[in-house]
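Position 1 is the first residue of the sequence, and the numbers go up from there. Keep in mind that this is a model prediction, so the values were computed, not measured.
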Amino acid sequence: MNALQEYLDQNDVTRYQVAKQTGIANTTLANAVKETKPLSGQTVKVISAVAQTLGKTPGQVLDNLIELDEDNSK
């Protein structure tokens with residue numbers, strides 16, 4: 001599973017909620033959670049939108065995503 005999608009699932013947030021709250025296009029989010037999209041390919045725009053939705057800083061979200069990605073690669 002894509003790390004971003006797993007992170008959204010863990011935080012009980014849907015792509016639709018992120019799009020609605022932040023104005024980011026749902027297609028942008030759909031591309032971000034594709035199975036083939038590596039964490040290194042995520043944009044600041046997407047990470048910032050997720051952070052805004054969750055009430056976190058982009059740095060916190062990125063740290064969580066990196067940790068999750070590392071756990072998944074073990």
Side-chain angles (χ1 to χ4, degrees):
M1 177 183 281
N2 175 289
L4 181 59
Q5 183 62 57
E6 187 173 347
Y7 185 70
L8 292 173
D9 292 347
Q10 286 179 356
N11 286 280
D12 295 319
V13 175
T14 65
R15 293 189 328 249
Y16 175 78
Q17 289 171 310
V18 175
K20 185 138 175 98
Q21 270 193 324
T22 64
I24 194 171
N26 196 33
T27 54
T28 300
L29 292 168
N31 288 331
V33 298
K34 285 185 178 175
E35 189 64 38
T36 57
K37 181 84 168 191
L39 180 57
S40 61
Q42 296 299 342
T43 64
V44 172
K45 183 178 183 177
V46 169
I47 291 173
S48 294
V50 172
Q52 181 181 340
T53 302
L54 295 174
K56 297 183 177 186
T57 67
Q60 289 171 316
V61 171
L62 187 55
D63 286 345
N64 295 151
L65 285 170
I66 290 169
E67 185 178 319
L68 187 60
D69 195 50
E70 287 174 351
D71 288 347
N72 288 343
S73 65
K74 288 181 182 176

Which pairs of donor and acceptor atoms, one on a side chain in residues 47-56, lie under 3.5 Å apart (sequence neighbours left out)?
unit_1: S48; atom_1: OG; unit_2: V44; atom_2: O; d: 2.8
unit_1: T53; atom_1: OG1; unit_2: A49; atom_2: O; d: 2.9
unit_1: K56; atom_1: NZ; unit_2: Y7; atom_2: OH; d: 3.2

Item to check | Pairing residues for D71 by the side-chain contact (heavy atoms from CB on, under 4.5 Å) criterion, not counting sequence neighbours | outcome: E67, K74
Item to check | side-chain hydrogen bond (donor to acceptor under 3.5 Å, both in side chains) involving Q17 - partner list, sequence neighbours excluded | outcome: T14
Checklist entry - What side chain to side chain donor-acceptor pair (under 3.5 Å) pairs are there with at least one residue in residues 24-34, not counting sequence neighbours? => result N31-K34
Checklist entry - Can you find a heavy atom in the side chain of V33 that is under 4.5 Å from one in the side chain of R15? => result yes
Next on the checklist: For the CG atom of D63 and the OG1 atom of T57, what is their distance to the nearest 0.5 Å?
Outcome noted: 7.5 Å
Checklist entry - Please walk me through it: do V46 and L29 pass side-chain contact (heavy atoms from CB on, under 4.5 Å)? => result CA-CA 7 Å; V46 169; L29 292 168; 4.2 Å; yes
Checklist entry - With sequence neighbours left out, what residues match N72 under side-chain contact (heavy atoms from CB on, under 4.5 Å)? => result E6, L68
Checklist entry - Is any side-chain heavy atom of Q5 closer than 4.5 Å to a side-chain heavy atom of E35? => result no
Checklist outcome for this item: The reported gap from CG in D69 to CG in N64 (rounded to nearest 0.5 angstrom) is 12.5 Å
Item to check | NZ (K37) with more than 12 external heavy atoms under 6.0 Å | outcome: yes
Next on the checklist: Does Q42 form a side-chain contact (heavy atoms from CB on, under 4.5 Å) with L4? I'd like the steps, not just the answer.
Outcome noted: CA-CA 9 Å; Q42 296 299 342; L4 181 59; 3.9 Å; yes
